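All values derive from a computational prediction rather than experimental measurement. Quick note: numbers below take in every heavy atom, side chains included, and nothing from hydrogens, waters or symmetry partners.
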Amino acid sequence: MKQLGGLMAFLGGFAIILDFFDRVPSFLFWIYNWGDTAAWGIKIALLVVGGLLYFMGSSGEESEDQA
């Protein structure tokens, strides 16, 4: 889960940064079919959910190592 969360958070942050330079990653181009507001929502959701998965995955791995 930690790797998937890290990837999602990275892609969300990367898409947000590229949006300021008027660039759109090709794999996220479809989200603009619903407009800018929905696209921002999806990018922010990628960042938040990815961050949650990353931190939840890291705490779970530590408890497994101690047992």
Side-chain angles (χ1 to χ4, degrees):
M1 283 295 193
K2 185 176 180 179
Q3 291 177 344
L4 178 64
L7 179 65
M8 287 175 64
F10 173 76
L11 292 177
F14 186 63
I16 289 172
I17 291 170
L18 286 180
D19 189 49
F20 291 120
F21 297 107
D22 291 329
R23 301 285 183 212
V24 177
S26 59
F27 60 90
L28 289 178
F29 189 73
W30 59 272
I31 65 175
Y32 288 93
N33 289 336
W34 296 303
D36 281 340
T37 304
W40 272 100
I42 292 170
K43 291 184 282 190
I44 291 171
L46 270 173
L47 188 63
V48 170
V49 171
L52 286 173
L53 286 175
Y54 180 81
F55 288 114
M56 288 174 54
S58 65
S59 65
E61 290 176 3
E62 290 174 3
S63 62
E64 290 176 6
D65 291 340
Q66 294 175 356

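Considering every non-hydrogen atom in both W40 and D19, the closest pair reads CZ2-OD2, 3.0 Å. Closest approach of A9 to G51, counting heavy atoms only: CB-N, 3.9 Å. Heavy atoms only, all atoms of each residue included: K43 and A15 are closest at CD-CB, 3.6 Å.
Interatomic distance, CZ of F55 versus NZ of K2, reported as 9.0 Å (0.5 Å rounding). In this structure, the separation between CG on L52 and CE on M1 is 12.0 Å, given to the nearest 0.5 Å. Between L47 atom CG and I42 atom CD1 the span is 14.0 Å, to the nearest 0.5 Å.
Criterion: ILVMFWY side-chain heavy atoms under 4.5 Å apart, direct or through other members. Under it, M8 and F29 are part of a common hydrophobic cluster. Cluster membership for V49 and F10, using ILVMFWY side-chain heavy atoms within less than 4.5 angstrom, is shared. Under a hydrophobic-cluster definition in which Ile, Leu, Val, Met, Phe, Trp and Tyr are linked whenever side-chain heavy atoms come within less than 4.5 Å, directly or via other members, V48 and L7 are assigned to different clusters. Residues L11 and I17 do not share a hydrophobic cluster, defined by chaining ILVMFWY side chains whose heavy atoms lie under 4.5 Å apart.
No side-chain heavy atom of L46 sits less than 4.5 Å from a side-chain heavy atom of F14. For the pair L28/L18, no side-chain contact is recorded, criterion being any heavy-atom separation below 4.5 Å from C-beta on.
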